[in-house]
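When a ligand or atom number is given, it counts from 1 through the structure's own listing order.
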Amino acid sequence: MKIGVLGMQGDIEEHLAMLSKIGVEGIRVKSVKTLEEVDGLIMPGGESTTMLRLLKLTGLFDHLKEKIRNGFPVYGTCAGLILLAKDVSNPVQDSLKVLDVAVSRNGYGRQIDSFHAMIPLSILDGDLFDAVFIRAPIITRAGNVEVIGTYGGNPVFVRDTNVIASTFHPELSEDTRIHEFFVRMVENAVSH
Ligand code: GLN
């Protein structure tokens with residue numbers, strides 16, 4: 001099994017390091033060809049505008065959208081979640097529209113650029129996860145998704161079948177449990 005990390009910009013190395021820490025092969029995905037070599041994809045935090053432009057330039061945008069619709073497992077973190085969302089505001093931006101949420105970019109404002117919080121997550125049986133938020137989006141509407149965790153009354157981690165997405169950065173903590181969860185999702189998808 002191989003897991004890809006969308007390799008255009010952002011927290012690529014950090015996700016690859018997490019995967020290697022849990023003994024899973026991870027590779028950078030920057031083309032349709034490398035996307036075809038992986039069983040699941042992590043879309044990292046960074047600048048969603050830059051990633052969106054490069055997704056379109058490389059042809060990955062349409063290809064990835066189609067694959068996700070057909071059950072390909074993806075995990076979007078922060079900017080990655082923005083790219084997956086159905087509606088993006090502040091400012092309005094195009095997206096893959098495969099996850100039924102609306103997000104407002106940089107939703108916590110300029111005063112609070114980054115912070116972390118201990119958040120109970122349903123996928124960890126309610127155990128706490130130290131979540132790091134950096135210029136994070138706020139999920140302003142959660143439609144047909146399962147809410148895995150909330151902070152300050154807003155969902156911060158959601159799932160719809162083969163898609164999981166968090167507004168925070170699990171790759172910036174020492175805790176590998178969310179990556180392990182995603183790897184199990186990918187294993188299940190591969191064996192079906
Ligand atoms: N503010 C960034 C964006 O809108 C996301 C920040 C992040 O991924 N840490 O794309």
Side-chain angles (χ1 to χ4, degrees), residues 3-19 26 28-30 40-58 60-61 64-65 68 73-119 121 129-142 145 147-152 154-160 163-179 181-182:
I3 294 196
V5 178
L6 185 65
M8 280 141 179
Q9 187 268 336
D11 279 358
I12 304 157
E13 293 301 330
E14 290 82 350
H15 279 289
L16 290 172
M18 282 303 238
L19 291 172
R28 247 172 209 256
V29 169
K30 288 205 278 190
L41 184 72
I42 295 175
M43 300 171 69
E47 268 312 318
S48 58
T49 311
T50 308
M51 287 188 227
L52 179 67
R53 191 166 49 82
L54 293 169
L55 280 173
K56 288 190 171 173
L57 262 175
T58 53
L60 271 168
F61 187 88
L64 182 58
K65 184 169 173 151
I68 297 171
V74 288
Y75 175 25
T77 63
C78 203
L81 176 146
I82 296 170
L83 292 168
L84 294 166
K86 200 168 235 176
D87 294 297
V88 180
S89 63
N90 190 37
V92 170
Q93 181 168 281
D94 196 11
S95 55
L96 292 164
K97 304 188 195 301
V98 289
L99 184 65
D100 190 15
V101 296
V103 295
S104 175
R105 294 174 63 195
N106 302 305
Y108 295 93
R110 289 195 179 175
Q111 279 89 344
I112 324 169
D113 205 42
S114 64
F115 60 96
H116 70 115
M118 299 300 290
I119 296 176
L121 298 179
F129 191 90
D130 191 1
V132 179
F133 294 82
I134 302 168
R135 290 177 296 109
I138 286 188
I139 296 176
T140 53
R141 181 187 65 79
V145 293
V147 175
I148 295 171
T150 63
Y151 175 74
N154 296 95
V156 292
F157 198 173
V158 296
R159 176 176 190 173
D160 178 14
V163 179
I164 56 172
S166 63
T167 63
F168 58 87
H169 291 255
E171 77 286 4
L172 298 181
S173 70
E174 295 294 300
D175 196 331
T176 54
R177 289 177 297 171
I178 294 179
H179 286 79
F181 177 83
F182 181 61

Less than 4.5 Å apart, any side-chain heavy atom of Lys30 and any of Thr58? no
Applying the ring pair (Phe, Tyr, Trp, His ring centres under 6.0 Å) criterion to Phe168, which one of Phe115, Phe157, Tyr151 satisfies it? Phe157
Can you say whether the rings of Tyr75 and His15 are parallel (under 30°), tilted (30 to 60°) or perpendicular (over 60°)? perpendicular
Which donor-acceptor pairs under 3.5 Å do side chains of residues 132-142 form with protein atoms, sequence neighbours excluded?
{"unit_1": "Arg135", "atom_1": "NH1", "unit_2": "Glu47", "atom_2": "OE2", "d": "2.7"}
{"unit_1": "Thr140", "atom_1": "OG1", "unit_2": "Ala102", "atom_2": "O", "d": "3.2"}
{"unit_1": "Arg141", "atom_1": "NH1", "unit_2": "Asp100", "atom_2": "OD1", "d": "3.2"}
{"unit_1": "Arg141", "atom_1": "NH2", "unit_2": "Asp100", "atom_2": "OD1", "d": "3.1"}

Identify each donor-acceptor pair in which a side-chain atom of residues 79-90 lies under 3.5 Å from a protein atom, sequence neighbours left out, and give them as a table.
{"unit_1": "Ser89", "atom_1": "OG", "unit_2": "Val103", "atom_2": "O", "d": "3.3"}
{"unit_1": "Asn90", "atom_1": "ND2", "unit_2": "Arg105", "atom_2": "O", "d": "2.7"}

Partners of Arg28 by salt bridge (Lys or Arg N to Asp or Glu O under 4.0 Å), sequence neighbours excluded? Glu13
Contact set, ligand 1, heavy-atom distance under 4.0 Å, ordered by chain/number, equals Gly45, Gly46, Glu47, Ser48, Cys78, Ala79, Ile82, Arg105, Asn106, Ile134, Arg135, His169
